[in-house]
Structures are given as structure tokens and as C-alpha cells.
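Counting starts at 1 for both ligands and their atoms, following the listed order.
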Amino acid sequence: MIANRSAVLYRDLRSVPPTIVRGQGVYLFDADGRAYLDGSASASVVGIGHGRTEIWDALAAAGDRVTFVYNSTFTHPWQEQLATGIMGLAPRNMASVYFTSGGSEANESAWKLARQYFVETGRAQKYKAIARWRGYHGVTLAALSLSGRTDWRRLYSPMLLPVTHIASPDAYRCALCAGGACTSACADELERAILDEGPETVAMFIAEPVSGTSAPGVAPPREYFTRVREICDKYDVLFVADEVLCGYGRCGAPFAIADWGVEPDMITLGKAIASGYAPLAGLVVSEKISKGLAQGTGRFVHGLTYSGNPTSCFIGLKVLEIMQREGLFTRAAEIGSYLKTGLVRLAEHHHMIAQVRGRGLLYGLELASDRHTRTPFDASLNVSRRVVEGMRERGVVIAQGLAGSGDQIQISPPFTISEAEIDEVLLALDATISALEDGVHAPRPG
Ligand code: PMP
């Protein structure tokens, strides 16, 4: 029997989450009038903040220009304008955008396009993808096959496509450099994986420049993506940067990979691109790939009903306008340093904070029983879940990182957050961790 009385199939079938009836800035308000500071930007989506009614006013004023057109029959000015706008921000080697409704679709489209590109350019044996453990690329079957999130893969493992996963570039857990200085050995693993698979069969490598919820805030050193690019070039493998979460302003730039000075062959976007005001994501495609297809059959054998749907593109355009008008593509870099300073200061007082990592407004905290030996808490203590719940009780929403490999939490508020609002998050975190600390530390031996 289903215990809750809702007609909605929730992730948790035993409880109904609070009903949110209104949003304003970084705050959400539930049906009982309770306010929540949205310190996770609702799954790192709402870059411009909640309650931007100018978007709805503009949509209403557009009248009968708001109409659905099917992408393979017609285009619409809003799709064209949004693609042009995104191209204006994208790395120089990029040529076009394929719009989707969500990030999983964008990544799945990238894999299919990689395959088609190699068929069209005379290398039909190339189809395999290489990805990373603790990478996250979505939940549809092909996207989940790319994802290295073991807790979400396990149940569906008989149904997944074979994908080779290499180590995550996570200095905290690095087994490759044996505690010494980083050698980017995890990037060299890519070369080994390509050689093991046979370079003539490998089509693409996909990675998040800055990791999201499976390894919140993990950002490799500069050499890492330089090395990835070299390896991909050497073996004719496409490099796909998944920026569904870390892109579009989240890390303080339109495209996070810019920090590494590397040009990927494709970049996937999502989340902040429409800031949750519409379902919208996309795949940014390089000139090389577009040309390969154009000079071949000239047709991408793929099609999603809602690709480039005008309403989502209109909202994407309004979000882009707001982001540019208010300097939100770079604001995360400025205000993020305030958040980082506060988190580092908290770590000085709370020994269970073993690492603060991330950039822009995407931070991950590693929580450990002993931060010197990096000994995790016993999983049965559910430390990260209790931190998230404690924060919620104090009116602040944050996210729990991947469980099962230690405890991690993620803080990724809207790009509009103020210093005073960051202080609210920090105060709640200080109080939550203080309340937990005594209960979770095992008594010292002797
Ligand atoms: N890639 C990354 C990096 C993500 O964070 C997510 C969503 N959390 C996805 C892909 C999948 O996007 P969606 O849930 O919109 O399908």
C-alpha cells in the first residue's frame, strides 16, 4: 500500500515533501508560510533566483507568437536567437547548438552525435565512450551508463551499455599519487583506457570540468584537462565537457572549461540555461563535428519532439538577458570567494570538515571522523544526511553528495545571493555541525 495520499509518484513513496507555493530571490515559501533559503538553487538550477515575474510578463506580452513548432519541420526566431546568444559566449571552435529539454538528453545526444560523426568521416568502428567514476551525466539508460555514480547504477546494471570508467580527479581520495604531489596520473589513465579498448573503437571521453553532486566541487589541476586534450587529439577521440551543472555562470564564467584554457569538441549545458523557468538544456557542437556531418549525409539521425521548443527558448533568451544585464555570468566568481572564506573559517573550528573545495558558487565539503587520516564516519551514522536535515530545520536547503564513499555536502546557491544571505547559510551550518559534533565522534580509546 502506498502510504502517502498524493497522486504523484515521488522518489520517496512514504512521504510527501513540503509544498512550495512561492519563490522570491534565494527564498522559497511553503504552503504554511515557512521560508527556506535555497542554498542549493534547487538542484543547482536557479541561477537568476526565484520569482522573476518579468519573464512571465514578457511571455504573456508575446501573445500568439508563443506557439509550438516541430523542429524538423520549422524553426522559430527564439530558437535562432538563443543559439546565436549562446554561440556569442562559447569557445571559438564551437559552431552550433542542439537544444534538448534536460541534461540527460543532451549527454545522450552527444554520444550519438560522436558516433555519427565518426561514421560520416570514415571511421565507422569508433563508437565507445569513456567516462569517470563519480562522474554524473544523467539517469536515462545511456546517460546512466556514462555516469559513474555507483548507487544509482547498481539496480539497473544489467541494462546499462558498456562504458569504461577511469578514476575521478579527486585529490582527497587519490590512490594514484600515493599521498605525494599531484602528477595528473588520473589523466594518464585515459590513455591507458583508450589503448585497452583499442583507439580505433573509442569515440569520446566525457567529464564534468567541476563535478556536481557525485563529487561536489572536485576540480582538477590545470594540467589535467591539458593532458586530456592532448590524449584525445593523439587518438582521435572527442572530448565532451558536461557543463550541465558547472556551466552557464555557476563557476563564475559562461563555460567552466575556460579556466583550463582547453577547447572541448562538445559542451553540454542545462540547469541555469533557463534557471528552472522552463525545461531546457543543450549540446554545443564544434565546427569540426558540424562540418563532418554537413559534408557527409548532412543529416543528424536523431530527433526529440521538444528540441528547440519556442517557449523554452523564449525563456532561455530572457534568462540570458537577465544574466548579461546583471553581470551574473561572472558574479559567482566574486561572491563565491566570500562563501569560500566563510567555509574555510568554519573548517578551522569544526574538525569534522575535512576539506572545502570548489569554485564560483559550487562548493563541496568533505566530512570525516578524522580529517588528518581522512577516516570517514561510519556509514550508519548518516552524517551528511543529518547535516542536510539539520540545515533544513534551520531553514536552509543544501544538497547531500554521493553517499557510500564518505560524507559530502554541496552548497550551490543562486548567483544572486548576497553576503548577508551567505552569512545565513554559514550560521546555519555552524549551528548544525556544532549540534552534531558531540554525537558523532566516537569516544577516544582508553
Ligand atoms: N550532467 C550533470 C553534470 C548533472 O548535474 C545533471 C543533473 N544533475 C545531468 C547531467 C542530468 O541532467 P537532467 O537531470 O536535466 O537530465
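Residue pairs meeting the ring-ring contact (aromatic ring centres under 6.0 Å, His included) criterion with at least one member in residues 87-106, sequence neighbours excluded: Tyr98-Phe300, Tyr98-His302.
The pair Asp188-Arg192 does not count as a salt bridge, with every side-chain nitrogen at least 4.0 angstrom from each carboxylate oxygen.
Atom CD1 of residue Ile353 and atom CG of residue Leu429 lie 5.5 Å apart, to the nearest 0.5 angstrom.
Taking each heavy atom of Ala281 and Gly103 in turn, the nearest pair found is CB-N, 3.8 Å.
For Tyr136, the ring-ring contact (aromatic ring centres under 6.0 Å, His included) partners at least two apart in sequence or on another chain are Trp152. In this structure Glu80 satisfies the side-chain hydrogen bond (donor to acceptor under 3.5 Å, both in side chains) test together with Thr75, sequence neighbours excluded.
A heavy-atom cutoff of 4.0 Å around ligand 1 is satisfied by the protein residues Gly102, Gly103, Ser104, Asn107, Tyr136, His137, Gly138, Glu208, Asp242, Val244, Leu245, Lys271.
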